[in-house]
Q: 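Dumping the structure here so I can ask a few things about it.
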Amino acid sequence: MAEHHHSKVLILGSGPAGCTAAIYAARASLEPLMVHGLQPGGQLTITTDVENYPGFAAVIQGPWLMEQMEAQARHVGARIINDIITHCDLSKRPFECFGDSGDRYTGDTLVIATGAQARWLGLPSEQRFQGFGVSACATCDGFFYRGKEVLVVGGGNTAVEEALYLTNHASKVTVVHRRDHFRAEKILQERLFANPKITVIWDHMLDEVLGTDDPLGVTAVRLKQVKTGALRDLPVHGVFIAIGHTPNTALFKGQLEMDQEGYLTTRQGTTLTNVGGVFACGDVQDKIYRQAVTAAGTGCMAALDAEKYLAHHASAKVAAE
Ligand code: FAD
Ligand code: NAP
């Protein structure tokens, strides 16, 4: 039977941003409720080694880190529910959200931590080697390709920045782009063209990632000329897909301010959205840094902002009585 769950702080998403918001809100005695969504633990659950999250001298695994964050949130008293929110009404007070399960969720405040998803090409071989030579995050995985040759797919700012970043580790970086010019900012392009470690292959698409089963790993890529259809193989050890990200904000279209790409807009230096009592943290409002540690940082900010909002409204209510 459908249930109604109310909390002072309703948190959507259980990635680093949602978990950190839950930990801080629980420790502030706000009894938060966190809804997992389709990907409990968020994006880090689809990666392997994480080497840049502070506090761990040894290499840790993304899924393990997220288990720890969730366990910590539970330990300090957060309630966590498995459900996917299908729609929300932010014109109501308390805010109202509905789950795929049929359950109804209300919150005196709402913390949106629904993250973003890297866009993938959709190739079966791309999926097969994901986490084993195919990545969507150079900052996260570039280190593993020290002295090796890698490929970057894309022609926007992200692709160019990822390629430049990868030259810190890789011996050679090849960028493959489906057109004959980049859409990236000129200054970034100039830096890329000036870098002797980077080669660009124009008018080509990634057709297939080639590799071995045991151990699972990438050895080469097959590229296709978009005009002629001609195929060519290029030996590489790593493939970085950099064709953009999509923030998970469809739920809030028409209800919250977003930028042109659908990222939620927050007031600078805070997690405040344009609707009082609704806060956004993590990748759902960040198209620049997109790291677990920055998501956790803004998750903390969202809980503190929610606490402040509730305290202010509680004292305003007392004053009015
Ligand atoms: P996410 O982790 O994206 O979590 C979003 C959450 O929202 C999920 O729990 C999802 O289920 C939930 N959600 C979405 N829609 C709904 C809905 N309708 N209802 C309820 N819940 C919903 N960063 C690093 O710092 N170091 C790394 O090594 C690193 N490696 C990475 C490797 C890969 C392959 C990828 C893809 C990313 C990597 N990142 C890394 C980036 C990092 O994972 C993200 O920056 C971080 O996870 C963002 O956290 P978040 O909490 O904002 O969102
Ligand atoms: P983007 O600007 O949308 O670029 C995506 C790139 O991937 C484009 O070159 C596109 O090709 C290519 N692409 C898309 N789908 C593809 C497919 N199926 N196959 C092959 N190629 C494909 O995305 P982004 O680079 O991630 O940037 C997103 C936003 O963040 C932009 O507004 C960007 O300015 C901003 N950003 C800014 C900075 C910065 O300021 N330093 C850094 C990173 C990102 P086409 O060009 O042919 O369409």
Q: Looking at H204 and R232, what are the two nearest heavy atoms and their distance?
A: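 In terms of heavy atoms, the two residues are closest at NE2-CD, 3.9 Å.
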
Q: Less than 3.5 Å apart, any donor N or O on the side chain of T246 or R119 sitting next to an acceptor on the other?
A: yes

Q: Please list, chain by chain and in numerical order, all residues satisfying side chain to side chain contact (heavy atoms under 4.5 Å, CB included) with E149, sequence neighbours excluded.
A: S171, K172

Q: Out of curiosity, does V150 fall in the hydrophobic cluster containing V160 (side-chain heavy atoms, cut-off under 4.5 Å, transitive links)?
A: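 Same cluster: V160 reaches V150 through Ile, Leu, Val, Met, Phe, Trp or Tyr contacts under 4.5 Å.
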
Q: Measure the spacing between OG1 of T273 and CZ of R267 and express it to the nearest 0.5 Å.
A: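 Between atom OG1 of T273 and atom CZ of R267 there are 9.5 Å.
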
Q: Should V275 and V284 be regarded as members of a common hydrophobic cluster, given that ILVMFWY residues are connected when their side-chain heavy atoms come within less than 4.5 Å of each other, either directly or indirectly?
A: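 Cluster IDs for V275 and V284 match.
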
Q: Mind listing the closest non-hydrogen atom pair of D233 and L210 along with its distance?
A: OD2-CD1, 3.8 Å

Q: List in chain and number order the residues that pass side chain to side chain contact (heavy atoms under 4.5 Å, CB included) with H177, two or more places apart in sequence or in another chain; answer none if no residue qualifies.
A: R179, F182, W202

Q: Quick one: closest heavy-atom pair of P40 and G37, and the distance?
A: CD-O, 3.8 Å

Q: Show your working on side-chain contact (heavy atoms from CB on, under 4.5 Å) between L65 and Q61 and close with a plain yes or no.
A: CA-CA 6 Å; L65 178 60; Q61 300 296 299; over 6 Å; no

Q: Is there a path of hydrophobic side-chain contacts, each under 4.5 Å between heavy atoms of I/L/V/M/F/W/Y residues, joining L256 to F95?
A: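 Yes, same cluster.
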
Q: Take D214 and T212 through the test side-chain contact (heavy atoms from CB on, under 4.5 Å) and record every step on the way to the result.
A: CA-CA 6 Å; D214 194 15; T212 51; over 6 Å; no

Q: Are the charged groups of R178 and D203 less than 4.0 angstrom apart, N to O?
A: no

Q: May I have the list of side-chain donor-acceptor pairs in residues 121-131 shorter than 3.5 Å, sequence neighbours left out?
A:
unit_1: S125; atom_1: OG; unit_2: V209; atom_2: N; d: 2.9
unit_1: E126; atom_1: OE1; unit_2: L121; atom_2: N; d: 3.2
unit_1: E126; atom_1: OE1; unit_2: G122; atom_2: N; d: 2.7
unit_1: E126; atom_1: OE1; unit_2: L123; atom_2: N; d: 3.2
unit_1: E126; atom_1: OE2; unit_2: L121; atom_2: N; d: 2.8
unit_1: R128; atom_1: NH2; unit_2: D213; atom_2: OD1; d: 2.4

Q: Are the side chains of K308 and L304 in contact, using a 4.5 Å heavy-atom criterion?
A: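 Side chain of L304 against side chain of K308, heavy atoms only: no contact under 4.5 Å found.
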
Q: With a sphere of 6.0 Å drawn around NE2 of H4, does it hold more than 12 non-hydrogen atoms of other residues, nucleotides or ligands?
A: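 Result for NE2/H4: enclosed.
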
Q: With sequence neighbours left out, what residues match F144 under side chain to side chain contact (heavy atoms under 4.5 Å, CB included)?
A: D49, E51, D141

Q: Say whether, by atom type as modelled, one donor and one acceptor occur between the side chain of N168 and the main chain of Y165 under 3.5 angstrom.
A: yes

Q: Quick check against the 3.5 Å criterion: does T106 have a side-chain atom that pairs as donor or acceptor with the backbone of P94?
A: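 Here the side-chain-to-backbone pair does not exist.
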
Q: If you look at every heavy atom in A184 and N157, which pair is closest and at what distance?
A: CA-OD1, 3.3 Å

Q: Just by modelled atom types, is the Y289 backbone N or O under 3.5 Å from a matching donor or acceptor in the D286 side chain?
A: yes

Q: Check salt bridge (charged side-chain N to carboxylate O under 4.0 Å, His left out) between R74 and all other residues, then give those that pass, not counting sequence neighbours.
A: E70

Q: State which residues pass disulfide bond (SG atoms under 2.5 Å apart) with C300; sequence neighbours excluded, sorted by chain then number.
A: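 Residues passing disulfide bond (SG atoms under 2.5 Å apart) with C300: none at all.
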
Q: Going from CD on Q255 to NE2 on H87, what distance comes out if it is rounded to the nearest 0.5 angstrom?
A: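 One gets 10.0 Å once the value is rounded to the nearest 0.5 Å.
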
Q: Please walk me through it: do N248 and Q117 pass side-chain contact (heavy atoms from CB on, under 4.5 Å)?
A: CA-CA 7 Å; N248 299 320; Q117 286 166 350; 3.6 Å; yes

Q: First locate atom SG of C97, then atom CG of L33, and finally report the distance between them rounded to the nearest 0.5 Å.
A: 10.0 Å

Q: Among all residues two or more places apart in sequence or in another chain, which pass the salt bridge (charged side-chain N to carboxylate O under 4.0 Å, His left out) test with D100?
A: none

Q: Within a strict 4.5 Å, meaning less than it, do heavy atoms of the H36 and I80 side chains meet?
A: yes

Q: Are the side chains of Q285 and T265 in touch, meaning some heavy atoms are under 4.5 Å apart?
A: no

Q: With a 4.5 Å limit on heavy-atom distance, are the side chains of I81 and M34 in contact?
A: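 SC-SC contact between I81 and M34 ruled out.
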
Q: Could you list the donor-acceptor pairs under 3.5 angstrom formed by side chains in residues 15-32, with sequence neighbours left out?
A:
unit_1: T20; atom_1: OG1; unit_2: P16; atom_2: O; d: 2.6

Q: With sequence neighbours left out, what residues match Q39 under side chain to side chain contact (heavy atoms under 4.5 Å, CB included)?
A: Q43, T45, I46

Q: Could you check whether any side-chain N or O of K197 sits under 3.5 Å from a backbone N or O of A170, counting only pairs where one atom can act as donor and the other as acceptor?
A: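 Confirmed, K197 side chain pairs with A170 backbone.
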
Q: How far does OG1 of T199 sit from CG of L192, to the nearest 0.5 angstrom?
A: 9.5 Å

Q: Indicate whether any N or O donor in one side chain lies under 3.5 Å from an N or O acceptor in the other, for D83 and Y105.
A: yes

Q: Please examine the side chains of I11 and V9, heavy atoms only from C-beta on, and report whether any two atoms are closer than 4.5 Å.
A: yes

Q: Determine the minimum heavy-atom distance between S135 and W120, stating which atoms define it.
A: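 Where S135 meets W120 most closely, the heavy atoms are C-CH2, 3.9 Å.
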
Q: With hydrophobic residues grouped by side-chain heavy-atom distances under 4.5 Å, do L166 and F143 end up in a single group?
A: yes

Q: Working to the nearest 0.5 angstrom, can you tell me the gap between L206 CG and E208 CD?
A: 9.0 Å

Q: Nearest 0.5 angstrom please: I288 CD1 to T158 OG1, how far?
A: 10.0 Å

Q: Please set out all donor-acceptor pairs under 3.5 angstrom arising from side-chain atoms of residues 235-245, sequence neighbours excluded.
A:
unit_1: H245; atom_1: ND1; unit_2: R290; atom_2: NH1; d: 3.3

Q: Could you walk me through whether L151 and V176 pass the side-chain contact (heavy atoms from CB on, under 4.5 Å) check?
A: CA-CA 7 Å; L151 182 87; V176 63; 3.9 Å; yes

Q: Could you check whether any side-chain heavy atom of T174 comes within less than 4.5 Å of a side-chain heavy atom of V152, counting everything from C-beta outward?
A: no

Q: D103: which residues meet the side-chain hydrogen bond (donor to acceptor under 3.5 Å, both in side chains) condition with it, sequence neighbours left out?
A: H5

Q: Do T270 and D305 get their side chains close enough for a donor-acceptor pair, meaning under 3.5 Å?
A: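 Side chains of T270 and D305: no pair found under 3.5 Å.
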
Q: Side-chain contact, heavy-atom cut-off 4.5 Å: L310 with T109?
A: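 Of all side-chain heavy-atom pairs linking T109 with L310, at least one is under 4.5 Å.
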
Q: Applying disulfide (SG to SG under 2.5 Å) as the test, list every pair that has at least one member in residues 134-232; sequence neighbours left out.
A: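 Pairs touching residues 134-232 that pass the test: C137-C140.
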
Q: Quick one: do D108 and R93 make a salt bridge, cutoff under 4.0 Å?
A: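 No, no charged N to carboxylate O under 4.0 Å.
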
Q: Examine I84 and L12 and state if one hydrophobic cluster contains both, with Ile, Leu, Val, Met, Phe, Trp and Tyr joined whenever side-chain heavy atoms are less than 4.5 Å apart.
A: no

Q: If every non-hydrogen atom of K224 is compared with every non-hydrogen atom of G229, which pair is closest and at what distance?
A: CG-O, 3.7 Å

Q: Any side-chain heavy atom of C281 sitting closer than 4.5 Å to one from I112?
A: no

Q: When you measure from the side chain of T249 to the backbone N and O of Y263, does any donor-acceptor pair fall under 3.5 Å?
A: no

